Amino acid sequence: MSEANINIVIGGGAGQGLATVGQLMSKAVIRAGYHLLVRQDYMSRIRGGHNTFSLRMGPDPVESPCEPINILVALNEETVALHRDELMDGGIIIADRKIDTGIANTLKVPYDELASKPLYYNVVALGVLGSTVCNDIGIIEELLAQTFAKKGSAIIEANLEVLRASYEWVKQQDFDFSCIAPPPEDAGSNLMMNGNEGIAMGALAAGCNFVTFYPMTPSTSVATTLINKGRRLGLKYEQVEDEIAAMNMALGASYAGARPIVTTSGGGFALMAEAVSLAGVSETPIVTVVVQRPGPATGMATRTEQGDLGFVLHAGHGEFPRAIFAPGTVEECFYLTHHAFGLAEQFQTPIFILSDQFLADSYRNVERFDVDSLPEIAGPLLKPEDSSYRRYELTDDGVSPRLVPGFSETLVRADSHEHAQSGVITEDPANRVCQNNKRLSKGNGLWEEVIGPDYYGEKGAEVVLMCWGSSLGACLEAADKVNGKSVGVLHFKQVYPLREEQFMDVLEQAGEVIAVEGNATAQFAKLVALETGFQVSGSVLRFDGRPLTPEYVLRGLESII
Amino acid sequence: MVSIEQYGDFETSWCPGCGNFSLLKGLKQALAGLDLAPHQVMVSSGIGQAAKAPHYMNCHMFNGLHGRSLPVAQGMKMANPEMTVLCESGDGCLYGEGGNHFLAAIRRNLDITLLAHNNQIYGLTKGQGSPTTTRGQVTKTQPDGVESDPFNPVAVAVAMKAGFVARAFSGEPDHLTEMIQAGIRHKGFALIDIMQPCVSFNKVNTFAWYKEHSYLIENHDTSDWHAALALADEFPERIPLGIFYEADKPLREDGDVLAVHEYAKDDLKAVLDSFA
Ligand SMILES: Cc1ncc(C[n+]2csc(CCOP(=O)(O)OP(=O)(O)O)c2C)c(N)n1
Ligand code: SF4
């Protein structure tokens with residue numbers, strides 16, 4: 001990482017508009033052509049408390065959030081007290097002039113002079129921050145104009161005036177901070193998206209046209225993005241009475257020919273487990289997004305963790321195949337969700353996306369997705385091939401042709417009980433064995449399609465960090481910073497099923513393999529051990545509700561390598 | 001013309017004399033009478049003796065989980081508004097395990113018809129008290145008598161101003177058929193609570209008991225909500241049969257049949273552009 005990249009932390013209470021400042025700044029940074037990675041840290045309350053919106057930005061790619069701060073934008077005093085010590089040498093604080101920061105290098109902002117009303121304090125912060133890092137004011141002006149477009153030209157003008165005054169004010173000040181390096185030449189057309197938006201857009205690109213959900217942080221924005229962006233594509237949606245209804249309604253819709261998704265977090269998924277099993281036996285395609293937060297039970301509603309792998313892996317009684325994806329980046333959120341829909345349609349079984357709060361709320365710059373070259377996803381049959389159609393026909397690969405009811409005279413009969421090929425309930429032992437084998441054999445097809453882990457680094461490195469999901473960035477950056485040892489990173493974006501031959505050589509050739517996970521029990525390392533017999537030699541685990549950072553990983557590695 | 005024979009004749013696992021037989025017959029008759037062919041009808045059901053009904057007739061069927069037939073039915077209807085969607089199950093399934101879904105379905109008001117086989121007992125699990133079992137009735141799991149008040153589905157549905165609320169009795173087959181037809185014809189959520197003797201486990205609410213306690217509603221204005229509530233309140237002492245309440249309510253917009261709906265790639269690209 002070049003020094004050119006900086007870490008800006010905006011801190012304040014809920015209701016002070018810090019997310020708005022952060023989002024506008026993020027967009028300005030991306031439009032200017034920089035790389036960006038956002039970490040949002042917030043409390044489960046509507047007003048007050050202590051929240052932060054951190055932007056790590058610069059001309060070089062950024063992989064993960066980091067701890068040292070270059071610019072601390074303090075919207076209240078608490079922010080100063082909590083984060084002053086994290087300032088880097090040469091770092092600055094931007095705060096209301098009434099706040100005594102105790103740091104010489106402080107930009108004391110006269111909010112009340114720059115803006116006529118507190119309503120505009122956001123815009124002051126944006127102008128000051130933009131000016132400090134020398135972001136092009138033209139870009140910010142355009143952004144503001146777009147943001148307030150619906151409110152009319154008078155409001156736009158009032159905001160622009162505050163912006164310009166604040167931007168200019170910074171130039172008169174005497175403080176020690178230099179502009180960041182210019183953005184790379186080729187940049188400029190990137191999108192700004194967070195993990196949940198990436199998942200929602202991946203779903204829409206896959207032809208998803210039905211979403212049911214019950215609100216639960218941090219998954220809700222998958223559903224809201226689907227609704228806000230998907231309506232014009234014909235998506236139907238329903239906020240249901242509970243998660244049980246969400247999954248069952250989606251299955252009813254899937255049976256009738258929709259391409260549904262359900263979105264939830266661990267506590268909600270607990271209620272869905274019953275219907276996951278129903279999807280398994282009735283062979284109804286369903287994609288489920290589980291955005292993790294710390295448990296057990298209600299845990300910490302707005303914090304992050306990778307603690308639900310074991311649950312998602314085993315949820316649902318009885319035996320049936322499934323696949324679980326764990327994106328590490330916003331791009332992976334998009335492409336893996338699209339892929340998940342393909343698998344759900346093809347294998348008619350539940351498929352999962354396992355994300356977490358950190359990734360969910362992490363805005364990034366992403367290259368425009370190549371939607372034209374996404375593989376087509378074949379839908380179910382509308383007409384049967386012949387009159388002998390049976391919903392649960394025994395086939396070599398276990399996949400029976402799925403027919404949508406209502407487009408022909410052929411009846412489609414789906415059942416939660418063990419059933420004959422026709423869908424009729426039966427307890428015949430021989431049939432049971434055939435149907436169970438049929439369902440399980442779809443697992444072979446899923447296994448053929450497994451996306452292997454990505455390995456970053458040289459083969460036979462002295463240390464390999466094994467991680468999954470959103471921990472990717474912190475591991476990559478930590479690996480880069482370990483002195484005197486070669487360190488590689490093995491990242492799994494599909495965590496189930498696993499195919500040994502896709503990664504065993506990396507594990508075996510490594511000097512040491514260290515599991516890096518956002519949970520207390522190294523759930524993924526245990527899964528690897530169960531599937532392959534391979535034991536990691538150590539682990540770096542974080543379960544305090546905060547995302548892994550390179551610094552955290554390095555501190556953890558110090559004592560074990 | 002659709003004939004009742006098209007709905008087939010299947011061997012069942014019901015006890016001889018069970019009220020489910022005439023209920024199923026009434027349903028087939030109602031559908032044939034409305035000229036609905038089996039492939040135009042989707043039935044979602046839960047778990048229990050009643051919930052097996054769609055296995056015993058020709059139709060599209062999703063026999064799902066205990067208590068979950070209503071969410072499935074609503075999903076079906078939203079995905080394909082052109083189909084006739086029915087939901088069928090027992091009182092334990094619909095009012096016990098599925099109680100929350102029952103309330104939500106009334107509020108949501110999709111055009112589906114709910115047939116509640118109400119035998120005031122759990123049949124399939126062999127005779128435990130159900131939400132509609134009368135207070136004081138002794139059962140295997142309530143040896144001192146049921147100590148909760150019975151749930152009154154008709155009163156609740158009327159109180160919530162469900163668009164169509166009716167009660168029928170499997171021992172009044174013609175009336176039952178008529179009620180099912182009226183429910184299906186109603187544009188919106190329709191509840192038909194159907195009293196149905198369980199000859200094996202409910203020795204109190206027998207065929208003879210229902211005959212004695214029930215009567216056909218006469219001279220009742222179905223648009224009169226207060227009168228409907230008063231009628232519904234007669235349960236469990238007396239069991240009025242017929243339409244309690246009917247009202248035109250705002251119906252969910254039907255929209256596209258999702259199985260054939262495709263979006264334009266350019267629209268997707270435009271949506272993606274909104275993230276720039
Ligand atoms: C989740 C779940 N809990 C419990 C059961 C067991 N069970 C099956 S049917 C039933 C009750 C059936 O009673 P009712 O719905 O009144 O239908 P009936 O059999 O009387 O027609 C129960 C408790 C189940 N199958 N699933
Ligand atoms: S147990 Fe009762 S409800 Fe079930 S089939 Fe027998 S009589 Fe009918």
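Just so we're clear, the structure is a prediction, and the values are computed from it rather than from any experiment. Lettering follows sequence order; numbering is per chain, from 1.
Ranked by non-hydrogen atom pairs under 4.5 Å with chain A, the options B:S69, B:G64, B:G98 are led by B:G64. Taking B:K265, B:M83, B:K52, B:H55 one by one and counting their heavy-atom pairs under 4.5 Å with chain A, the maximum is reached by B:H55. Contact count versus chain B (heavy atoms, under 4.5 Å) is highest, among A:A414, A:A256, A:G257, for A:A414. Ranking B:M42, B:E82, B:R107 against chain A, the residue ahead of the rest is B:M42, based on heavy-atom pairs under 4.5 Å. Highest contact tally toward chain B, considering only A:M247, A:R232, A:R259, is held by A:R232 [criterion: heavy-atom pairs under 4.5 Å]. Considering only heavy-atom pairs separated by less than 4.5 Å from chain B, the leading option among A:I425, A:N365, A:V281, A:V366 is A:I425. With chain A as the partner, the residue from B:H60, B:H39, B:R68 showing the most heavy-atom pairs under 4.5 Å is B:H60. Taking A:A205, A:G379, A:G207 one by one and counting their heavy-atom pairs under 4.5 Å with chain B, the maximum is reached by A:A205. With chain A as the partner, the residue from B:A270, B:S274, B:C59 showing the most heavy-atom pairs under 4.5 Å is B:C59.
When heavy atoms are compared at a cutoff of 4.5 Å, A:V404 approaches chain B solely by way of its side chain, counted from C-beta outward. A:S254 does not touch chain B: none of its heavy atoms, backbone or side chain, sits under 4.5 Å away. Neither the backbone nor the side chain of A:S422 comes within less than 4.5 Å of any heavy atom of chain B. Heavy atoms closer than 4.5 Å to chain A are found nowhere in B:S45, neither backbone nor side chain. At a 4.5 Å heavy-atom cutoff, the contact between B:V257 and chain A is made by side-chain atoms alone. With a 4.5 Å cut-off on non-hydrogen atoms, A:D372 touches chain B through its backbone and its side chain both. With a threshold of 4.5 angstrom between heavy atoms, A:A250 does not approach chain B through any atom at all. For a residue to count as touching a neighbouring chain, one of its non-hydrogen atoms must lie under 4.5 Å from one of that chain's; by this rule A:R391 does not touch chain B. Interface remark: B:M78 contributes backbone and side-chain atoms alike to the contact with chain A (heavy atom separation under 4.5 Å). Contact annotation for B:I47: only side-chain heavy atoms (C-beta onward) come within less than 4.5 Å of a heavy atom of chain A. If you measure heavy-atom distances from B:Q40 to chain A, you find no contacts under 4.5 Å at all. Of the two parts of A:S277, neither the backbone nor the side chain holds a non-hydrogen atom closer than 4.5 Å to a non-hydrogen atom of chain B. The part of B:K269 that comes within reach of chain A is its side chain, from C-beta onward, which places non-hydrogen atoms under 4.5 angstrom from that chain. At a 4.5 Å heavy-atom cutoff, the contact between A:V240 and chain B is made by backbone and side-chain atoms alike. Only the side chain of B:R108 comes within contact range of chain A, judged by heavy atoms closer than 4.5 Å.
Ring centroid separation for the pair A:F213 and A:Y237 does not come in under the 6.0 Å cut-off. Close placement of the A:Y392 and A:H419 rings is indicated, their centers lying within 6.0 Å of each other. Checked against the 6.0 Å centroid criterion, the rings of B:F189 and B:F164 do not qualify as a close aromatic pair.
The closest side-chain donor-acceptor pair between A:Y335 and A:D370, if any, does not fall under 3.5 angstrom. Counted by atom type alone, A:Y214 and A:E241 present zero donor-acceptor pairs between their side chains at under 3.5 Å. Side chains of B:T125 and B:Q128: a donor on one and an acceptor on the other come within 3.5 Å. Side-chain contact annotation: A:N194 with A:S362, donor-acceptor N/O pair under 3.5 Å absent. Residues B:H117 and B:D91 bring no donor and acceptor atom of their side chains to less than 3.5 Å of each other.
The cationic group of B:K28 does not satisfy the cation-pi geometry with B:Y56, failing either the under 6.0 Å distance to the six-membered ring centre or the 45° limit from the ring axis.
In this structure the side chain of A:N248 reaches within 4.5 angstrom of the side chain of B:L65, judged on heavy atoms. A:D415 is not listed as a side-chain neighbour of B:F62, based on a closest heavy-atom distance of 4.5 Å or more.
In terms of heavy-atom proximity, B:N63 sits nearest to B:A51 at ND2-O, 3.9 Å. Minimum heavy-atom separation, A:L382 to B:A259: CD2-CB, 4.1 Å.
If you run side chain to side chain contact (heavy atoms under 4.5 Å, CB included) between B:L31 and each of B:L86, B:I180, B:N58, only B:L86 comes through.
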